[in-house]
Amino acid sequence: RGPSVEATLTDIPALVPLVRRNVAMARQQLACGTWCGSAPQLQRTPLPFPGSVSGGLRASTNAPALPTFNVRTLLWGKDSTATRMRCFRGHWDVVVCSDCLYDANAFPRLVGTLRRVAKPGTLVVLACKRRNLASETGFWRSVESHGFDAFAPPRRLYPREFAADDVYIVFLSKCAQ
């Protein structure tokens, strides 16, 4: 058996029940679906961008234990919700943010939360829909001014699901201090 994998999914309180239902369905798929007996094991590999300080993850054929999924409430910018979670006492290896740049008023709280959970070696992946270029530019400047390097891969490398012109992916890495 390979190493155990733990994933914590977070959202606002109103959406946590939906996330829990989705996790339950995903666990059933992992346990009984196409991955039965051949679930990929995660291993570190070099990240696909310059200046990276940590390895990324790739699949191998050794079957690990099923991932442990935790679903928690997280309010951006609220350290009290972050510190209650066991996983925040250290740092996260990977943070994935999906469609998180929808409210410019929340950008400072999102940046504060990313600063809290990301340490040197953490990979942050943001997949976003472009809504307001001016406010999003302010977000990226704030992220960089708070010690993150950003890399946007060329669109030709995007998965087909992200081929729309208004969707983009950005990798962040926390600079060593």
Exercise. How about Asp149 and Leu172: do any of their side-chain heavy atoms sit closer than 4.5 Å?
Worked result: no

Exercise. So do Thr10 and Thr73 actually touch side chain to side chain, heavy atoms under 4.5 Å?
Worked result: no

Exercise. Heavy-atom distance under 4.5 Å between the side chains of Val125 and Ile169, does that happen here?
Worked result: yes

Exercise. Hey, does Ser173 have a side-chain heavy atom less than 4.5 Å from the side chain of Phe148?
Worked result: no

For this session: For the pair Asp11 and Arg20, evaluate salt bridge (charged side-chain N to carboxylate O under 4.0 Å, His left out) and give the outcome as yes or no after the intermediate values.
Result: CA-CA 10 Å; Asp11 215 319; Arg20 285 193 174 119; over 6 Å; no

For this session: Could you tell me which non-hydrogen atom of Phe107 sits nearest to which non-hydrogen atom of Tyr102, and how far apart they are?
Result: CE2-N, 4.4 Å

Problem set entry | Test side-chain contact (heavy atoms from CB on, under 4.5 Å) applied to Arg155 and Tyr168, step by step | CA-CA 8 Å; Arg155 294 193 72 74; Tyr168 58 98; 4.2 Å; yes

Exercise. Does Val95 reach the side chain of Val117, with side-chain heavy atoms less than 4.5 Å apart?
Worked result: yes

Problem set entry | Heavy-atom pair of closest approach, residues Asn105 and Pro108 | O-CD, 3.6 Å

For this session: Would you confirm whether Thr113, through its side chain, and Gly77, through its main-chain N or O, come within 3.5 Å as a donor-acceptor pair?
Result: yes

Problem set entry | With Val71, the side chain to side chain contact (heavy atoms under 4.5 Å, CB included) member among Asn22, Val16, Thr8 | Val16

Problem set entry | Straight-line distance of Ser98 OG to Leu126 CG, nearest 0.5 Å | 9.5 Å

Exercise. Quick check: does any side chain N or O of Glu136 sit under 3.5 Å from a backbone N or O of Arg130, one acting as donor and the other as acceptor?
Worked result: no

For this session: For residues Leu110 and Leu101, determine if any side-chain heavy atom of one lies less than 4.5 Å from a side-chain heavy atom of the other.
Result: yes

Exercise. Given side chains that start at C-beta, do those of Leu123 and Asp93 come closer than 4.5 Å, heavy atoms only?
Worked result: no

Exercise. Within the side chain of Arg72, is there an N or O that forms a donor-acceptor pair under 3.5 Å with the backbone of Leu9?
Worked result: no

Exercise. Between Cys128 and Cys100, what is the shortest heavy-atom contact and its length?
Worked result: SG-SG, 4.3 Å

Exercise. Do Val111 and Phe139 touch side chain to side chain, with heavy atoms closer than 4.5 Å?
Worked result: yes

For this session: Mark yes or no for whether Lys174, through its side chain, and His146, through its backbone, hold a donor-acceptor pair below 3.5 Å.
Result: yes

Exercise. How many angstroms lie between CG in Leu74 and CD1 in Ile12, if you round to the nearest 0.5 Å?
Worked result: 11.0 Å

Problem set entry | Electrostatic pair Arg131:Asp99 at N-O distance under 4.0 angstrom | yes

